[in-house]
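Just so we're clear, the structure is a prediction, and the values are computed from it rather than from any experiment. What you see below is based on every heavy atom in this structure, not just the backbone, and it leaves out hydrogens, waters and symmetry mates.
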Amino acid sequence: MGIDSFCSLDGSDPFWDWNRTWQTHNPDLTPCFQNTVLVWIPCLYLWLFAPLYILYLKRNDHGYICMTHLNRAKTAIGFTLWLICWADVFYSFWERSHGATIAPVYLVSPTMLGVTMLLATFLIQYERMKGVQSSGVMLNFWLITIVCATVTFRSKILHALNEPASVNVFKYTTFYIYYTMLLISLILACLSDQPPLFSQAVRDSVSELYLKKVEIYNIFLHFVKALVITNAARRTSTVGEIVNLMSVDAQRFMDLITYINMIWSAPLQVILALYFLWQNLGPSVLAGVAVMVLMVPLNAVIAMKTKTYQVAQMKSKDNRIKLMNEVLNGIKVLKLYAWELAFKDKVSDIRESELRVLKKTAYLGAVSTFTWVCAPFLVALSTFAVYVLVDEHNILDAQKAFVSLALFNILRFPLNMLPMVISSMVQASVSMKRLRVFLSHEELDEDNVERPAISSCESNSIRIVDGAFSWSKDESPTLKRINVHIPEGAFVAVVGHVGSGKSSLLSALLGEMQKQEGSVSIKGSVAYVPQQAWIQNATLKDNILFGRDGKDSWYQKVVEACALLPDLEILPGGDSTEIGEKGVNLSGGQKQRVSVARAVYCNCAVYLLDDPLSAVDAHVGKHIFEKIIGPQGLLQGRTRVLVTHGLSFLPQADLILVMVDGEITEMGSYTELLGRQGAFAEFLHTYTNTEQEEVEESVGGEAGRFIAELLSCFHASVLSYSHLNSLNAAGTGKTPQKTEPNDVAAAKKTKSAEAARLTEADKANTGRVKLSVFWEYMKAIGLPLSIFSIFLFFCHHLSSLGSNYWLSLWTDDPVINNTQPNREMRLGVYGALGISQGIAVFCYSVAVSVGGILASRYLHQTMLYNILRSPMSFFERTPSGNLVNRFAKETDTIDSVIPSIIKMFMGSMFNVLGSCAVILIATPLVAIIIPPLGLFYFFVQRFYVASSRQLKRLESVSRSPVYTHFNETLLGTSVIRAFGEQQRFITESDGRVDHNQTAYFPSIVANRWLAVRLEFVGNLIVTSAALFAVMARDSLSPGIMGLSISYALQVTASLNWLVRMSSELETSIVAVEKVKEYGDTEKEAEWRLEHSTLPAGWPTAGHIEIHNFGLRYREDLELAISDISVNIEGAEKVGIVGRTGAGKSSLTLGLFRIIEAAQGEIHIDGVNIAELGLHELRSRITIIPQDPVLFSGSLRMNLDPFDGYTDEEVWRALELAHLKNFVSGLPDKLNHECSEGGENLSLGQRQLVCLARALLRKTKILVLDEATAAVDLETDNLIQSTIRTQFEDCTVLTIAHRLNTIMDYTRVLVLDKGQMAEFDSPSNLIAKKGIFYKMAKDSGLV
């Protein structure tokens, strides 16, 4: 056929006409040329370039662009253009059906153009997923298309003007719309989209009841076990891993219990179905059995492979949760050091390895699905083939075919369930193994410490004989040759350098260490104050009472003695104020005082105090010592063991133990040890020159005058309140009324209950899951892939329907001479339809699983990024349990649950629709009953789904407190064990778990309720289909009747599954809703500004100007600090002092923009810090924070997470931080593995690691936030001398508790009530006799 006849059947429309194109005044191209060449050129361009372009985009991923209005418009127009082309095609078909002669070109060209428009729409979406902001390829395509269409546009206008009678109105209208759309597309293609998220560039710079009992028991076991495992075992099982065992592994058992009955019922169903098939078809059934037997080894191999992947995935998941846990615990440090990107990349790397394993599992799953979905069909095909081919007199009539088909469908359920049962058993066995490892961890030996009866004749309160202790059985002893006898009521001080074993000695007394030799006994109850205060997420009062009964008079005495009254006045809810997780809304000193108050309130016989006075100001320390620990304190007559670095307390001790390298080298009273002239005496003479007066003063005991002075100073500081304190929810913001020191009750009355709240509980959303959540998920998968998956589902079910319809036609074939003539052809087509069904199944299984992985990668990355971008106030309000829940449970749901539910939901939906269609076509009378049943079904389904969804949400929300409490308990195990409160915490955990379970039982009941109603609907459909088939038996062929009833029999199961899956889908998609909600929370300022003009070495001088600066913790609160104006020259050393709550830490938070300024500004070297990106600011100034936070990983990673320094530089920093000898002695040196939170280093050593970080960064401005509080005096001196020499040319700001460390600084800034009180050199300030003079006098320095 020539091109002319392709354009017009009678040749009236030639391809080229010179008279029309050239030899004329008004040239034009022929309609044939316009409909072929001008249409085909753009199509050819796109189809040639698309494969290369897709390959290019695949290799050059620039990130991901969220769906924007621009993108939506491009996509909508692409689809509209496709519809217009198809409208033309259908119109041509319509004309043809009405007798018009239509040339092939009017069918071929619009079809080609339509398919090309679809390709263009796909490319638009693909470009968005790959982060292409504006595309040259697509711009060229629209340009070529519009140029070609313009010729036709002109032609059509001329034709309409010259020959109006021959105009085809429909085709002209569609063309004009098409042309308008092209113009809009061209304009849109010229616009640039928003920048992509996570671009590489950014990255480089930066039954069922039993089942629930199983879970309750599981969590209970974990909780109890976590309270008794040894410290060495704790190092191997991190918090993240234990949380995972509680959430994910416990869930695996519940999943198995659901399927457990299938283990016996599936084989039974298979045997019965095969027996009836034998009755029907005879030995031919053996062919089907053979197919089933062959399937088993294949699936066994898949199951084994899946198991190995499962183990690998769980390992990655553990590591990820552990790292996330640490990131959330140390988020403040990450922000101060600008390390968020380094940790984001670390989490993303673990996540990628997890997703790689998931992808492999998905491919395996696709093969498994393929074999099991195809199994019933292959069984039917092989059985029918053998049956008709073995003997030509075997006739496949409706009776044999459809009874067999019904039996094959019965086979389908157990065969489909078996792989789920197998995979569930595999997962449960993996989890079982992990649980076994955890539950068989080494436990603390209760016999480590003997507890003689109070009435026994033992005179010593504490006795250790020849003790040797280590952290685990296999390690060499940390403490050796320990011999201690402490009489009842004695006050014992333990002194020694950092890392000498002081805290370990207390751990040994508590039974926390492995006793290798000797004996330990403690008489009476024990109270323990750890070095780092452990604070619960409860009210301040609950933290002090710690489960004991409230005795008001004793409580008031304790609060007063711990100097907490002024703090109660400041707190928005008095002692009913809720304290955040890990005490986030208290300053370091306040946390330590609450910890001391808890111990004192318990009224025990023995007190073990691990350096509780280091975190408080010198005058407060003195107050606490005199009122509580000293000879006249509340604890007089009790046995007190105090680990201390403060020399002023030693003269009052009955006994002093001097520790060196895990041994007690000297022992005796203060005067005895001085008289011996040993190491202790020498050490004292070095450090007491300035403190001697303080010692004498404390011996003289001017306590009364001191406390009066102290309280008056405290009252002055009511207005402001240190360290993020006011981040409580909805405070009143009013100045609290003054309260009498002894009247705690009066302080309470002024506080509102609402102001006392801080953390926000996890909220349950209500109502239907919004469609936008499903849309978000589809966008995360990618729209092209989503549409393609739905199309594959459709293909699968179409071919499934086709094969069954073909079978019904086959059974209706006439029988001639006892044979059916076309059986080979019938068999061949039946087989082909089955194979196409299998291919579609495999493809959709892969498409959905891969789509699920793409979605979970995107959602996890977005959540991680959003959470890291949140300000500190967000972390104080949100319990870490909620965040861990998002990263553990919800992410697991998105990873593995949602894709499989989508597969089952789509499958059952198409099944139901297909069945109804077949029944309606075969017996149209069923149409009478289907609508009312459909309506009934719809109401049942909505009613069930709404209840089920809400119950699931409640269950999810009540799960977070279980994790939060568990997390908190793990951090405070040593305190809980010391106080003997294990049982109370176990009961509390059980209560939370029970509360979580109350939402679960009703969902099981709802399930049964649904099953009864659905069975009723299904049975009605079967009855009516059979009844109407009998009524119409004369007009119906046996084949169609058989087809209709065999589908009706399947309806019940499909309906049941459809409701289950739609409910599961809604409840599981809640995970996406939860993960997405952190996208809408407040964010910090940008990390880096795009067009930064900051010079490379800034700051060069370290000159800080603070103008009229003030900040507030929340919009509705008054300023915490205000009107501060200070000018600090480069290389100046400035001390910042003030009573607790004066605003010292607030000032540093303002300098690092952890909290943004409410007034005024800070300039560093002339640059306003408010105009910088946060990372640009925070990475150029350094802080050594109050709490030394380390992350699990190598020591080197903790010093330099970005790997920006050489090993030599790191060793030099360690040497200057006095850690070189310690690190050199470690077997792995710099690669020494720090445990979670750095627990295998002492607090002092962790502080030195923070110093090494600062030395490594060596920026021009250094801030020390009470950084030497946890180290002994000698180490403090070393640190101070290092700072003086190494940071000589840097500006140093020091918040100090020990005033002697800043007496040689150039100037001292004294803050009071959040305002600047004094600012001058120390000597001038002492001469002025102001606030600084009083503080120096309290510290014994003047």
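- Listed here is the closest heavy atom pair of I1162 and N1168: O-OD1, 3.5 Å.
- When each of L1293, I1261, I1164 is tested with I1128 by the rule side-chain contact (heavy atoms from CB on, under 4.5 Å), just one qualifies, namely L1293.
- Taking the side chain as every heavy atom from C-beta outward, L1149 and K332 approach each other to under 4.5 Å.
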task: Before giving the answer on side-chain contact (heavy atoms from CB on, under 4.5 Å), spell out for F1222 and L1214 the whole-Å C-alpha distance, their side-chain angles and the decisive distance to 0.1 Å.
output: CA-CA 9 Å; F1222 167 70; L1214 286 172; over 6 Å; no

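- For the pair D1289 (side chain) and A1131 (backbone), a donor-acceptor distance under 3.5 Å is absent.
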message: Walk me through whether I629 and F649 qualify under side-chain contact (heavy atoms from CB on, under 4.5 Å).
response: CA-CA 10 Å; I629 304 167; F649 310 128; over 6 Å; no

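- Separating the NZ atom in K1260 from the CZ atom in F1287 is a distance of 11.0 Å, to the nearest 0.5 Å.
- Ion pairing between a basic and an acidic side chain is recognised when a charged N comes within 4.0 Å of a carboxylate O; R593 and D567 show such pairing.
- When each of E340, K335, R1180 is checked for a side-chain hydrogen bond (donor to acceptor under 3.5 Å, both in side chains) with H1175, only E340 meets the rule.
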message: As a quick check of understanding, evaluate side-chain contact (heavy atoms from CB on, under 4.5 Å) for C562 and I628, giving each step before the final call.
response: CA-CA 8 Å; C562 291; I628 293 176; 3.3 Å; yes

field: Derivation and outcome, side chain to side chain donor-acceptor pair (under 3.5 Å), residues Q1159 and R1112
entry: CA-CA 9 Å; Q1159 63 174 54; R1112 56 167 57 92; over 6 Å; no

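- Distance alone, capped at 3.5 Å, places no donor-acceptor pair between the K1144 side chain and the A1296 backbone.
- Scanning all heavy atoms of the two residues, the minimum distance from P1185 to I1183 falls at CD-O, 3.6 Å.
- Remark: the backbone N or O of P1188 is not paired with any side-chain donor or acceptor of Q532 at under 3.5 angstrom.
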message: Go through it in stages, so that I can follow the logic: the residues are Q1315 and I1124, the test is side-chain contact (heavy atoms from CB on, under 4.5 Å), and I'd like the CA-CA distance, side-chain angles, deciding distance and then a yes or no.
response: CA-CA 6 Å; Q1315 294 183 323; I1124 293 186; 5.6 Å; no

Criterion salt bridge (Lys or Arg N to Asp or Glu O under 4.0 Å) on K1328 and D1320, from CA distance to verdict: CA-CA 10 Å; K1328 281 183 190 166; D1320 209 336; 3.5 Å; yes

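- Side-chain atoms of E1161 and I1106, non-hydrogen and from C-beta on, never get closer than 4.5 Å to each other.
- With values rounded to the nearest 0.5 angstrom, D1265 atom CG is found 11.5 Å from C1250 atom SG.
- One finds the CG atom of N1324 at 12.0 Å from the CZ atom of F1319 (value rounded to the nearest 0.5 Å).
- L1264 is listed as a side-chain neighbour of I1283, based on a closest heavy-atom distance under 4.5 Å.
- With hydrogens and angles disregarded, no donor-acceptor distance shorter than 3.5 Å links the side chain of D1312 to the backbone of A1317.
- Between I624 and L613 the shortest heavy-atom distance is CG2-CD2, 3.8 Å.
- Shown here for H623 and E560, the closest heavy-atom pair between the two residues is NE2-O, 3.3 Å.
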message: One pair to check against salt bridge (Lys or Arg N to Asp or Glu O under 4.0 Å): K502 and D610. What are the steps and the verdict?
response: CA-CA 8 Å; K502 305 183 295 297; D610 194 351; over 6 Å; no

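- For R1257, the side chain to side chain contact (heavy atoms under 4.5 Å, CB included) criterion is met by Y337, W339, S1179, T1182, Y1205, T1259, not counting sequence neighbours.
- No side-chain heavy atom of P1322 sits less than 4.5 Å from a side-chain heavy atom of I1302.
- Nearest heavy atom pair, residue V1249 against residue L1219, reads N-CD1, 3.6 Å.
- With a 4.5 Å cut-off on side-chain heavy atoms, L336 and R1178 do not count as touching.
- Between N1127 and the options E1132, H1103, H1107, E1105, a side-chain hydrogen bond (donor to acceptor under 3.5 Å, both in side chains) holds for only H1103.
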- prompt: What's the verdict on salt bridge (Lys or Arg N to Asp or Glu O under 4.0 Å) for E1156 and R1153, showing C-alpha distance, side-chain angles and the deciding distance?
  reply: CA-CA 5 Å; E1156 297 288 355; R1153 284 178 62 197; 3.0 Å; yes

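- A donor-acceptor pair under 3.5 Å is absent between the side-chain atoms of S595 and the main chain of K591, judged by distance alone.
- Between the NE2 atom of H1218 and the CD atom of Q1245 there is a distance of 13.5 Å, given to the nearest 0.5 Å.
- The closest side-chain heavy-atom distance from F680 to L650 is below 4.5 Å.
- No more than 12 heavy atoms of other residues, nucleotides or ligands shown are found within 6.0 angstrom of NZ on K1329.
- Not one N or O on the side chain of R1307 forms a donor-acceptor pair closer than 3.5 Å with the backbone of G1135.
- One finds the CD1 atom of I1295 at 5.5 Å from the CD1 atom of I1136 (value rounded to the nearest 0.5 Å).
- Here the closest heavy-atom approach between residue A1157 and residue F1109 is recorded as CB-CE1, 3.3 Å.
- The side-chain heavy atoms of L1119 and L1111, taken from C-beta on, include no pair separated by under 4.5 Å.
- Within the 4.5 Å cutoff, the side chain of V1137 has no heavy atoms near those of the I1331 side chain.
- Atom-to-atom distance recorded for M1303:CE and L1325:CG is 9.0 Å, nearest 0.5 angstrom.
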